[in-house]
Q: 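Below you will find the structure I want to go over with you.
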Amino acid sequence: MIEKFLSADARNLRPSAIRALAKYINDPKVISFAGGSPNPETFPAERFAAIADRVLRERRNVSLQYGPTRGLPRLCEFVAARSRVKSEEVILTTGSQQALDLISHCLLDAGDIVAVELPTYIGGTSAFYARSATLAGVAQDDDGIVPESLDDVARKKRIKLLYTIPNFQNPSGRLMSQRRRDRVLEIANRHDFLIVEDDPYGDLVYVEGADTTPIKSRDRDGRVLYLGTFSKILAPGVRCGWIVGPKSLIDRVEIAKQAADLCSGMLDQSIIDEYCHAGELPGQIENVRAFYRGKRALMLSALQEHFGGRAHWTAASGGLFTFMTLSDSIDTASRIETAVANGVTYVPGSPFFVDGSGQNTMRLTFAKESDERLREGVQRLAHVFA
Ligand SMILES: Cc1ncc(COP(=O)(O)O)c(C=O)c1O
């Protein structure tokens, strides 16, 4: 009945291939490398509980009330100071996922071309498909976007924006080199398209010398829209992300956000605001890094032990993921049920590639499992792909 009433955009909505794996992710018998979530052990739950108690009792006029669409002013200022921009260049959003949706709403018409990395984050492509955009894949290597590939796409098609995740990309775990960031910005200038720089993982650095300086830091003319979030350094349940961009765009996004949700959750923002104002964020980031650093090392060494010489995987010098490429003849999606039967799961890589390639790849997170189960899981995985 409803089908014939759907809008053209609603007809273009695509379900997430990863959410379909959720039933395996929560089965305790199955060792999961499939999730994309941070580990709850890293969440500052006790501090949040104490702060929540206080802001609920003492600041109900803020924490339980509607608030400014742009976000709690002091938290906006905190974010602006961290990014070294003016407060008017910042808007807080309901996670960076809402930032992707609002930016798509404000910038994309049906048929507009968005260049995305091969592979890329599915929540990004979902937001672009939801506005009926056309996606064009750009090749990556271990240094990030291959400039010749981006230039080639831009010559053939009128790109409106490039979506990139330069720091420890989801799904590939790659870090784009600084030299490549210069090239990407130079190509954007030359072909006159915008860059959406999505950076949820930039603070999760595990290896000395990994340079995460954003593309945004060299943006002189407001071409780069930078997206940040507290999801991976604090907790994703307090839905709080942000956009840094030129004031004229932020003003526009604010109006779109009024229609979307009036304001993001004020209790979430109040808790984060108090936490950051008390100076607790740097110590928390150190704790989160320490937590994942060992897990990352453990997974990479288990991969070396069990897959050395017959697969390759990304260095994952930060973030939550490594990405494994097996020999061309292997289709990782077709083995997922065998893997689950063997008590391990992963995300097949193909859904992350807008050109349908990547059948022989998989995304592995080292965030979720205990050290022992990490080792055991890689062994089980090796058995499935023996
Ligand atoms: C690349 C990327 N962008 C955005 C998001 C959404 O994060 P948030 O919780 O801030 O909405 C994620 C979450 O996993 C992500 O990996």
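All heavy atoms count here, side chains included; hydrogens, waters and symmetry mates do not. Because the structure is a prediction, the values reported are computed rather than measured. Start at 1 and go down the list; that is how both ligands and their atoms are numbered.
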Q: Quick one: table the atom pairs, ligand 1 N or O against protein N or O, below 3.5 Å, distance rounded to 0.1 Å.
A:
from     : atom 1 : to   : atom 2 : distance (Å)
ligand 1 : 3 (N)  : D198 : OD2    : 2.6
ligand 1 : 7 (O)  : S96  : OG     : 3.3
ligand 1 : 9 (O)  : S231 : OG     : 2.6
ligand 1 : 9 (O)  : R239 : NH1    : 2.8
ligand 1 : 10 (O) : S96  : N      : 2.7
ligand 1 : 10 (O) : S96  : OG     : 2.9
ligand 1 : 10 (O) : T229 : OG1    : 2.6
ligand 1 : 10 (O) : S231 : OG     : 3.3
ligand 1 : 11 (O) : S96  : N      : 3.1
ligand 1 : 11 (O) : Q97  : N      : 2.9
ligand 1 : 11 (O) : R239 : NH2    : 2.8
ligand 1 : 14 (O) : Y201 : OH     : 3.4
ligand 1 : 14 (O) : K232 : NZ     : 2.8
ligand 1 : 16 (O) : N170 : ND2    : 2.8
ligand 1 : 16 (O) : Y201 : OH     : 2.6

Q: Angle class for the Y206/Y292 ring planes (parallel below 30°, perpendicular above 60°, tilted otherwise)?
A: tilted
Q: R179: which residues meet the side-chain hydrogen bond (donor to acceptor under 3.5 Å, both in side chains) condition with it, sequence neighbours left out?
A: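 side-chain hydrogen bond (donor to acceptor under 3.5 Å, both in side chains) list for R179, sorted by chain: empty.
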Q: Before accepting this row, confirm whether a basic side-chain N of the pair D331/R335 lies closer than 4.0 Å to the acidic partner's carboxylate O.
A: no
Q: Checking one residue: I215. Which other hydrophobic residues are in its cluster under the side-chain 4.5 Å linking rule?
A: I113, V138, I145, L150, V153, I159, L162, M176, V184, L185, I187, F193, I195, V224
Q: Hey, what else clusters with L262 if you join Ile, Leu, Val, Met, Phe, Trp, Tyr whenever side-chain heavy atoms sit under 4.5 Å?
A: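 Direct or chained contacts put L262 with Y66.
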Q: Is there a donor-acceptor contact under 3.5 Å from the side chain of Q178 to the main chain of T213?
A: yes
